[in-house]
Colleague: 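Structure incoming, see below.
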Amino acid sequence: MENGHPSTDNSPLRATVKVSNPKGLHMRAAFAFAKLAARFRSTVTVRKQDRRVNGKSGVSLMTLAAVPDTELDLEVAGEDAQAALPILSKALAAPSADGLDRLIQ
Amino acid sequence: MKNFLVRDALVPALAATTKEGAIRELVMALQQAGYFRPQEVEPVVGEILRRESLGSTGIGRGVAIPHSRHEGLPRLIGTLGLSKAGIPFDSIDEQNVRMVFLLVSRPDQPGPHLHALETIVRVSESDEFIARLLACNSRDEIWSLIENTPDPWNRD
């Protein structure tokens with residue numbers, strides 16, 4: 001019915017991302033990701049096996065203890081999910097916590 | 001937590017009233033417990049302060065986890081200092097810090113460091129744990145609490 005318009009439903013978009021930071025998803029990386037995620041309206045969830053946490057909370061992300069090469073499932077749901085997913089996937093896979101802000105122009 | 005916290009370096013009442021002072025006091029406690037040579041204290045303190053300058057490790061609820069990596073350690077080591085008065089730490093919730101968990105890890109072993117962060121975050125989510133920790137007045141009381149607090153992944 002919404003011909004030509006982007007989907008407005010909230011079905012989540014998903015990506016599987018491997019942690020490539022040699023220090024894993026350490027504290028500063030977790031907080032940098034959460035800060036970036038918080039710039040989107042969509043809900044952001046990060047899952048490691050059966051543990052799901054709010055991707056906008058650096059403290060919660062630390063409870064994943066994601067070591068290098070861990071596969072994480074990223075789930076983004078909301079009006080700007082299409083824009084958020086590629087940026088947040090790239091951030092989660094980034095080899096360094098530095099410069100994640102620059103992923104958003 | 002008993003796997004990485006060094007009993008002999010626990011500080012039940014930090015004398016320091018500043019972030020830098022608390023970090024130095026805890027690194028010196030690890031040195032006195034035999035984990036660093038005296039000349040390593042200032043480089044380790046400097047490295048931890050450099051990390052703090054990139055963003056505070058005060059994670060809220062009165063907890064901070066200053067940390068750094070250091071060559072030559074046998075394993076991840078850490079200690080814990082309590083401050084009744086509270087220490088300004090630029091924490092994310094802007095509250096003063098009353099529990100300082102200080103970690104120094106081997107550069108080649110990110111796993112134990114990440115698991116220690118997870119453990120500290122998850123035990124700190126418990127109001128009961130925080131209350132019991134803040135009620136401790138001696139090294140023995142802190143150690144007894146630590147020994148009786150299972151690592152969170154054992155509870156899953």
Side-chain angles (χ1 to χ4, degrees), chain A residues 17-40 44-74 88 91-104, chain B residues 1 3-4 47-48 50-70 76 78 89-93 95 97 99-126 130 151-156:
Chain A
V17 178
K18 186 184 273 195
V19 175
S20 67
N21 190 319
K23 293 190 274 187
L25 192 62
H26 58 92
M27 185 187 294
R28 200 161 56 84
F31 276 88
F33 177 85
K35 191 175 163 195
L36 194 66
R39 291 174 64 175
F40 295 96
V44 178
T45 306
V46 181
R47 187 166 63 89
K48 186 180 103 174
Q49 293 154 348
D50 57 356
R51 190 165 176 79
R52 297 163 60 89
V53 302
N54 175 4
K56 296 183 182 183
S57 162
V59 173
S60 296
L61 286 165
M62 283 160 62
T63 67
L64 296 176
V67 298
D69 295 328
T70 300
E71 288 203 336
L72 299 173
D73 293 313
L74 175 63
L88 295 180
L92 203 53
S96 161
D98 296 321
L100 296 190
D101 279 350
R102 290 196 292 272
L103 293 171
I104 296 184
Chain B
M1 283 185 291
N3 295 328
F4 58 86
E47 192 55 33
I48 294 173
R50 189 194 65 81
R51 166 61 187 83
E52 287 294 324
S53 74
L54 301 174
S56 175
T57 61
I59 59 166
R61 294 177 62 80
V63 175
I65 319 176
H67 58 270
S68 77
R69 305 190 294 169
H70 188 69
L76 166 74
F89 226 90
D90 307 314
S91 292
I92 54 173
D93 63 357
Q95 300 292 309
V97 160
M99 295 152 279
V100 184
F101 291 87
L102 183 138
L103 302 175
V104 188
S105 59
R106 285 176 57 107
D108 59 342
Q109 290 183 354
H113 173 70
L114 293 166
H115 282 292
L117 292 177
E118 176 196 3
T119 300
I120 295 164
V121 169
R122 290 178 67 181
V123 297
S124 302
E125 287 170 347
S126 160
I130 296 277
D151 285 335
W153 52 85
N154 291 335
R155 293 203 299 260
D156 283 348

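Each chain gets a letter, A, B and so on, in the order the sequences are listed, and its residues count up from 1.
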Colleague: How close do B:R51 and A:M27 get, counting heavy atoms only, and between which atoms?
Modeller: NH2-SD, 3.8 Å
Colleague: Could you report the tightest heavy-atom contact between A:G24 and B:L114, atom names first, then the distance?
Modeller: CA-CD1, 4.0 Å
Colleague: Atom CD1 in B:I59, atom CZ in A:F31: separation rounded to 0.5 Å?
Modeller: 6.5 Å
Colleague: So for A:A32, is it side chain, backbone, both, or neither that comes closer than 4.5 Å to the heavy atoms of chain B?
Modeller: neither
Colleague: So with a 6.0 Å cut-off around NZ of A:K48, is the heavy-atom count from everything else above 12?
Modeller: yes
Colleague: Where do A:T63 and B:V121 come nearest, in terms of heavy atoms and distance?
Modeller: CG2-CG1, 3.4 Å
Colleague: Calculate, to the nearest 0.5 Å, the distance between atoms CZ and NE2 belonging to B:R69 and A:H26 respectively.
Modeller: 8.0 Å
Colleague: For B:E125, which atoms come within 4.5 Å of any heavy atom of chain A: side chain, backbone, both, or neither?
Modeller: side chain
Colleague: Which region of B:I65, side chain (C-beta onward) or backbone (N, CA, C, O), has a non-hydrogen atom less than 4.5 Å from a non-hydrogen atom of chain A, or is it both or neither?
Modeller: both
Colleague: What part of A:L25 is in contact with chain B, defined as an atom under 4.5 angstrom from a non-hydrogen atom: side chain, backbone, both or neither?
Modeller: backbone
Colleague: Where on B:T57 is there a heavy atom nearer than 4.5 Å to chain A: the side chain, the backbone, both, or neither?
Modeller: both
Colleague: Which heavy-atom pair separates A:P22 from B:P110 by the least distance, and what is that distance?
Modeller: O-CG, 3.7 Å
Colleague: Using side-chain contact (heavy atoms from CB on, under 4.5 Å), reason through A:V59 and B:R61 one step at a time and then give a plain yes or no.
Modeller: CA-CA 11 Å; A:V59 173; B:R61 294 177 62 80; over 6 Å; no
